[in-house]
Structure formats: structure tokens, C-alpha cells
4 protein chains.
Amino acid sequence: MSTVLKQQDDTPGELAVETVSRRPQQGRSKASLERMLNTARELMVERGSEEFTLQEVSQRGKVSIGSIYLRFESKDNLVRAVIGNALEQIAAEEDAMLAGVKAKSRSLADFIPRYVEDYAEVLKENAPLLRLAMQRAEIDPQVSAPGKRSAFRSQEISTNAMLEYREEFGGDDHEIKANAAFQIIFSALARQLSLGSLRESVHDYNWELHKRELGRMALAYLKADI
Amino acid sequence: MSTVLKQQDDTPGELAVETVSRRPQQGRSKASLERMLNTARELMVERGSEEFTLQEVSQRGKVSIGSIYLRFESKDNLVRAVIGNALEQIAAEEDAMLAGVKAKSRSLADFIPRYVEDYAEVLKENAPLLRLAMQRAEIDPQVSAPGKRSAFRSQEISTNAMLEYREEFGGDDHEIKANAAFQIIFSALARQLSLGSLRESVHDYNWELHKRELGRMALAYLKADI
Amino acid sequence: MSTVLKQQDDTPGELAVETVSRRPQQGRSKASLERMLNTARELMVERGSEEFTLQEVSQRGKVSIGSIYLRFESKDNLVRAVIGNALEQIAAEEDAMLAGVKAKSRSLADFIPRYVEDYAEVLKENAPLLRLAMQRAEIDPQVSAPGKRSAFRSQEISTNAMLEYREEFGGDDHEIKANAAFQIIFSALARQLSLGSLRESVHDYNWELHKRELGRMALAYLKADI
Amino acid sequence: MSTVLKQQDDTPGELAVETVSRRPQQGRSKASLERMLNTARELMVERGSEEFTLQEVSQRGKVSIGSIYLRFESKDNLVRAVIGNALEQIAAEEDAMLAGVKAKSRSLADFIPRYVEDYAEVLKENAPLLRLAMQRAEIDPQVSAPGKRSAFRSQEISTNAMLEYREEFGGDDHEIKANAAFQIIFSALARQLSLGSLRESVHDYNWELHKRELGRMALAYLKADI
DNA sequence: TATGAATGAGTATTCATTCAT
DNA sequence: GATGAATGAATACTCATTCAT
């Protein structure tokens, strides 16, 4: 895979398989498409990087190399499709998660800890691919564009959910507070999940504790009259 | 550079040049060692990745390829040395930064915002290599081990500094609060600097604003009677 | 298309579609056969080479790849058929051209300049495919054999036409003169049109003889008071 | 070797090994350079085309693939170097040939047949590579440019040699006659040797003029009492 | 008969590492 | 010690041909 990423021909900025893949799939050959995507995802998760060969996808996934190129213009596009799928799935999980949390919560004090808890679960589940998506976004505009859209959307729906409890907020600018809260929460969770890594789980700093304190912090901040 | 990272022969877990490099250097050849390390660092920073060739280091740095292999067992080890140096330098800068901040601060309310501000500067300065260090730590135990030590040290000294103002803390468990505060602060700064990327600069979420709110949040949290 | 050209199974040495193609065609599928031949010819003329893919023929010509293999044993045979068709068409054009020139000419001095002029037109018209035919004849016996036959025929009818004015010839061996004249004319035209080889050593036209006559011709020309 | 020919970085239009190759060679490694050039030339002559693999050059020529890329930026450049060498050698042989022929000839009638004879020998000797050079010139500007220069030079020195006997010429425009004579002689020899195109439209030699003179030549020859 | 999805052998190129000088 | 030329394994991608439907 070349250092210089190969641009896609059509609408740039979309990663959905229908866009990145060469033709809409039906029936039998859908299975083959599935197999190559799954195998590629497996290898990416296993290795924590895009350093797999198409040879490997071919053998492990029982798909011929030619087949891969029948669906994807390049290895880069295959990788993009895997990432695109993951982003889509995460978005769906976020929606479901938020709906669930909102249903159970009567107050901000109900909502925030549950939200932190459940959002952490969603991210944890998808951490390996999310990590790769982030890494790649740094250098591939074709991933960074939809990546940002996806991030924007997360922030939007999370912030809106918080703002449903705005009469409980302290201070004036509720939007700023909600956005900052989202940012801090996401940052902290992301770091904890090595979404941008290093100091990861430094000396067993407790994950459960971390989440609890994070929730408390956000709550105190949001309620504070600063 | 192979996918499977080559283990070092001697004590694993140290990145200091004296460890990663093959022999202690003096005089003339010290200059050559310096040149290869500097050139490699330059290339890594320029590219934002380890995708440079030894050919390039050789030409740009006026060092023969043979020389490089005389000092380093492999390209991997050269990269590790660069990262090791960077971690050491960052540690020194953190020390200096903390000393400065403490000297100027009479209260927690003095300390926290200055700390956030100046720590952000230190990280920003070193972001490119820190990013690489984090990326690599994910897959290379030889980087992740000293990386963790370095992170541990940062947390230690930062936390201790905060605890010098512990009588101003609210709540009971001051250690937990200080550690959580450090975690949250570092997470948020790291994300903002793309140290672990993606959602980076989503719709111009303001850097100055972010830092201010982060400081307020930490302060409110620390002072809160939760 | 492999370097080593695949031999045809049946009678080698013929390129007519009926020979190179797998089965005689009628009605509806005749149109499809036409489409693949035309598309292949188009691509060959456009590129000036055989570097087109069957995929391209399939898409541009609205013919399935399977259809092509139903008519032709291999891509090589498709190419041969295109060349065979072109050679046939050129032969027909040569016949018509000669008839026209002869009808208008009353003497050798009438005939020769017209012949040169009109033959040049015929060759120019068909230059792109003729060029390919010649190139391929060099390495593919299945093209060189009918190519030679076709060249032989051209020389035959051209020479015979000249010999209708033999009483105007100087010297003794009129056949030799006529043949040499044809060779020189064709060579010069071919070179001017970048045609290249083909008719190489057509039926043992003697090399030593050729060189002697070439010298004489140049000499006569150079010394002539025209 | 890609359809789209890779352009050279430095001065375009020269094929001498010193230009096409990556670095000046001396001593030991000169032998290796020689081996790869010879092996490539052998394969090109054997196959009558550029369809050899670097694998083959590596094995047959006892040179590692890496070595080839040490000297040549691409397979295309290796091919160009082989062709460039051949063109240079031919130029030298032409010079020697012309000197020899002139030394032996006292009149145009002496000169022309010897020239035809000896030039034929030079071309015959180098036919295989010349054929390839011409083929490639058609599509590769980096070969066609020096190819034309080389052709121009041939025409220049041959024409000048003929013109040393200009007082024996008939007619008026001796330059035109000499040039036409060269063209016809070269064309005929080239065709006989299956050389193909190259010298195409060397310095705008006029097509209409060429045809007129061609007719005159044929006519003079046919009517001559030789 | 007709289709076009699937196959996989084949090839140019890169670059970490070695080793003769 | 120091050099940098030589090595060759490894890898993305193409396209003629096959064959299940």
C-alpha cells in the first residue's frame, strides 16, 4: 500500500461500502464481499494495523485476489470500507445507547453517569477499529472527512441529550457547557481505551473509578455557578 | 521495517541511547551518532510516521548506512532511540515547567489554570514525536514499557504538585481526586493535540475556550464536596 | 496475451473470420460478432497496439466476455481476425485503385505517377492496422503467412499492371525491373507511413538482385536530366 | 512495464548509459552494469521485443534485481540504455563504413553500388535492435528524440558523401536528389531488413516532393537502357 | 446459447540488511 | 573501524481465461 494514498474516483468523502466498493452486490456474490470485509477486519483488529497482505485476505477468507479487485479499486479502498462499516455501526449503537439512557433518566443527575457508563461500553466494544480509523484519518482525507462528520454527529446527539436537562444547568451558556462536557468525557474515555494511546492504563488506574469520577466531575461542573 | 518487531537482545524495556545503541560513544563518532539520531527524528517529524528509509538518513545525515548498523541493531532500534530521547527531553521539560508553575502559585486556584496552560505548551511542542511514541507503544513492548514509566512519572509529579494544595480540596480522597484531575487534564489536552486523533478540531471547537473550561471543571470538581 | 503466441488448432495460416472464428455465424449473433470485431479494431487503431483488454471490448462493444470466447479461442485469435479482415479490405481497395489508374492511363509516364499517388492513398487510409499487421507478422506465423500471401498478391497485380506498358521499358529483363520498381515504391511509401516490415522477403525476392537494382535505380535517377 | 512510459528526471532526450544510468560506473561494478545491459540486449534480440522480465535478467545475468534498480530507475530506463548503446554503435559503424567507401571510389558510379552494399551490411548487422528502437520510438519520446537525431546524422553524412560527386549529377537541385536517393535507399534496405519506421519524417522531408521524386526515379529507372 | 463473476499466475518495484573492500 | 554496493524477499495489482448459472 503506497504512502501516497490513492484517491477515489467518485464522490470523495464517503466510506459506505456502496460507495467505496465497485458495484452493488446481491445474493451469492454478497457472501464473497462479506467474507473479504470480515477477513480484512479480523486481520486489522488482530494486528492493530493495516499491515496485512491481500494474499492473507485471499487465503483466510477463501476469496481470490481478483475478486477483491472486482469489488475494490485498491487495498486502500478495502481498508476504507472496513472503517466505513465500523463508523456506521458505531453511529447506530450510539443512537440506541442514547435512546436507552434517556428513557431511564428523569434528571441530569440520572442521565450523566448512565451516559458516561454506556457510552464507554459502546466505545470499548469498537475500540480496535476506532483506533485504526483515527490513525488513518490523520493521513487519509477520505477517512478524515467522514470521520469528522461521524464525530460531529456524536457530539450533536450527545449534546442535545444533555441540553434536555438544561434547566438543571448552572451558569449561563448551556451550549458551551454541554459541548465542553462532551469533549471532556469523550477525551477521557478515548484515552482510557487507548484510542489515542500511550499512557494507557498507567499503573492500573482503575477503569471503574475513572468513570465514576469523570461523571462526578462533569456533573459538578455542569451544576456549578461559575 | 517488519510487522513483527524485532526484540532487542539485552535488557528490554529501556530506550536510552546507551541501551538501544550498541556501544558507548565518544568524541568524533559521537557526532556521527548525533547526526543519525537528528536526521531520523527530522524525517519522523516531517512525515508524521516511521516511513523513512535508511538510505534517506544516510544521505541527508552524511552518515554511511554501515555506521547506522554499527550503532543500532536494526532500523527499529534507531526509531526506538529517537523516541527514547524525546521521552527523556519531555520529562525534563515537565520538571522545569512544574517548578515554574509552583513558584508562581500561592493557591490551588492559582496553580491549576497555569498548570493546564503550561503543560499544554509542553505537550504541543513535542506533539509530533509524542504521537509517534503513542502509536508505536501500541505494538512495540519495547516502547510501551518505558513509555508507561514516563507517563507514570508525569502523573506522579503532577499529582504531587496538586497535592501540595490539598487543604484546599473538597471531599475526602485527595489522592483519587488529584489523579482523576491529572487524567482528565491530560486526556483532554492529548485529544486536542491529536495525540490520539480523529474527532480533532470538530467544528473549530475553540482551543483557548477548551482549556479555560477544562481548568474550571477541574477546579470545581476538586473543590466540590461530593 | 502471452509472449508465446498460442497456435491455432485448425489449418494454420488463414485469418479470414471463418477460419479464425469458431463457427459460421448467421443472423442475430452475426451482429454481435461484428460488434466485437469492430470494437477490437477501434481500440487497436486508437492505441496503435494490441494493448486493449477483453473487458474493454466487452463494455464498449456491448458483448459479453463469454460471447467473445464463444467465437474466438483466445484474444490472440480475435486480434488475428481483425488483422485478417483489414488485409482483405486492403486487397479489395488495391484492386479498385489499380483498375481506376489503368483506365485513366495511356502510357507508362501517365501510369507511374498516378499509381504512386493512389497507392499512397490506399496505404495511408489503412496505415494504422497495416502497421499492427506488420508488427505482429514478425512474431506470429499465423499472421505472417497470410500477410505474405497478401503482399505477394499486391506485388503480382501491381507488377502486371506495369508490364502492360513493357514496350516502353528500357533494358532487357522487364519482370525484374517491374518487381524492383514495386519494391522500391512500396518501401518508400511504407517508410513514409511508418508502416514497418511485413512483406519481408516476400517469395524469395532476391536480396543480391535487389541491392544491385537499387543501386542502378538511384544512379539512373541521379544522372537523369528530368 | 507500464503502458504509460515513465519519464526520466534529468535531461530528457539522451540515451547514453551515462545519462540513463543512475551513477557513473568504475571498475568492479562496471562489470555488473555490463552484464545487465548485455543480458537485457540478448533477451531483447532473442525475443524481438521488450517482453522480458527483470527476473530473467537477474538470473541469466547473475545480477541481483536490486543491482538493476541501483543503476536504472525503471525497467523502461534499462531498455532505453540498451537502445541508446546500439544507436551509438551504429553511428560509429556508419562513419567507418562511409570513410571506407569514399576511399575506394573515384566516381558516382563507383560510389553508389558500394555504398548500397556496405550500408546494407551495417544495417543488417544491427537489424534486431534497430527494429526495436524504431518500434519503441513510435511511443516513447525519450527514444524518438535521440532516434531522430541519429537518423538525421545518417542522412547528413550519406548525403554529403553523395554530393562530393555532384558534378556527375543530372538535373538542377542536387540536394533534393541526394536526399531523395538516401531516403529511397534507406527505405528499401529497411524494408528488406524488416526495420520499420523510425526515421519517419526526419526534418520535415516533404511528403509531396517525396512522392513526385519517387515516381521520377521509378520512371527513369524503368526507361533506362542499363 | 449466453453471461460476467471468479480465478490466480505473473511482474515491476522497494528497502532492510549484509559483507567485501 | 567505516563504507556503501549488492542482495532478494516481499507485495500490490492486472487481465486472459474458465465455468457455474
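Below, chains carry the letters A, B, ... as their sequence lines are ordered, and counting in each starts from 1. Note that these values count all heavy atoms, side chains included, but never hydrogens, waters or copies made by symmetry.
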Colleague: Using heavy atoms to find the nearest nucleotide of DNA chain E for Ser58(C) and Gln55(D) separately, return the residue whose nucleotide is more 5′.
Modeller: Ser58(C)
Colleague: Measuring from the side chain of Tyr69(B) (C-beta onward, heavy atoms only), which nucleotide among dT13(E), dT17(E), dA2(E) has the closest atom?
Modeller: dT17(E)
Colleague: Taking the side chain of Ser74(D) as its heavy atoms from C-beta onward, which of dA16(E), dA6(F), dT13(E) lies nearest to it?
Modeller: dT13(E)
Colleague: Using heavy atoms to find the nearest nucleotide of DNA chain F for Gly66(C) and Leu54(C) separately, return the residue whose nucleotide is more 5′.
Modeller: Leu54(C)
Colleague: Are the side chains of Asn85(C) and Leu37(C) in contact, using a 4.5 Å heavy-atom criterion?
Modeller: yes
Colleague: For the pair made of CD in Glu51(B) and C1' in dA16(E), what is the distance, rounded to whole Å?
Modeller: 14 Å
Colleague: Whole angstroms only, please: what is the CG-P distance between Leu43(C) and dC15(F)?
Modeller: 13 Å
Colleague: In whole angstrom, give the distance that lies between atom NZ of Lys62(D) and atom C1' of dT7(F).
Modeller: 15 Å
Colleague: Please report the distance, rounded to the nearest Å, between CD in Glu56(A) and C1' in dA12(F).
Modeller: 13 Å
Colleague: Would you say a side-chain N or O of Arg71(D) is under 4.0 Å from OP1 or OP2 of dA6(F)?
Modeller: yes
Colleague: Answer with base, sugar-phosphate or nothing: what part of the nucleic acid does Thr53(C) contact at a heavy-atom distance below 4.0 Å?
Modeller: sugar-phosphate
Colleague: What pairs of residues pass the salt bridge (Lys or Arg N to Asp or Glu O under 4.0 Å) test when at least one of them lies in residues 57-67 of chain B, not counting sequence neighbours?
Modeller: Glu42(B)-Arg60(B), Glu46(B)-Arg60(B)
Colleague: For the pair Arg35(D) (side chain) and Gly61(D) (backbone), establish whether a donor and an acceptor sit closer than 3.5 Å, ignoring hydrogens and angles.
Modeller: yes
Colleague: Let's test your reading of the pairing rules: Watson-Crick or G-U wobble, both distances under 3.5 Å, then write DNA chain F as a dot-bracket string with ( ), [ ], | and dots.
Modeller: .||||||||||||||||||||
Colleague: Is Lys75(B) reaching over with its side chain to a backbone N or O of Phe52(B), donor-acceptor style, under 3.5 angstrom?
Modeller: yes
Colleague: Under the criterion side-chain contact (heavy atoms from CB on, under 4.5 Å), I'd like the reasoning laid out for Leu78(C) against Ile68(C): C-alpha separation, chi angles, the key distance, then a yes or no.
Modeller: CA-CA 8 Å; Leu78(C) 170 58; Ile68(C) 300 174; 4.2 Å; yes
Colleague: Lys75(C) has an atom NZ; how far is it from atom C1' of dT18(F), in whole Å?
Modeller: 17 Å
Colleague: Where is the tightest heavy-atom contact between Leu132(D) and Gly48(D), given as atom of each residue plus distance?
Modeller: CD2-O, 3.5 Å
Colleague: Which nucleotide in the set dT3(E), dT13(E), dC13(F) lies at the smallest distance from any side-chain heavy atom of Ser64(C)?
Modeller: dT3(E)
Colleague: Take the protein atom CG of Leu70(B) and the nucleotide atom P of dC19(E), then report the distance between them rounded to whole Å.
Modeller: 15 Å
Colleague: Rounding to a whole Å, what distance do you find between Ile68(C):CD1 and dT18(F):C1'?
Modeller: 14 Å
Colleague: Which one, dG4(F), dA9(E), dT13(E), comes nearest to the side chain of Ile65(A)?
Modeller: dA9(E)
Colleague: Measuring from the side chain of Ser67(B) (C-beta onward, heavy atoms only), which nucleotide among dA12(F), dA2(F), dT3(E) has the closest atom?
Modeller: dA2(F)
Colleague: The test is side-chain contact (heavy atoms from CB on, under 4.5 Å); show your working for Ser49(C) and Gln135(C) and say whether it passes.
Modeller: CA-CA 9 Å; Ser49(C) 84; Gln135(C) 227 166 83; 5.6 Å; no
Colleague: Check the distance between dC15(E)'s P and Glu73(D)'s CD and give it to me in whole angstrom.
Modeller: 14 Å
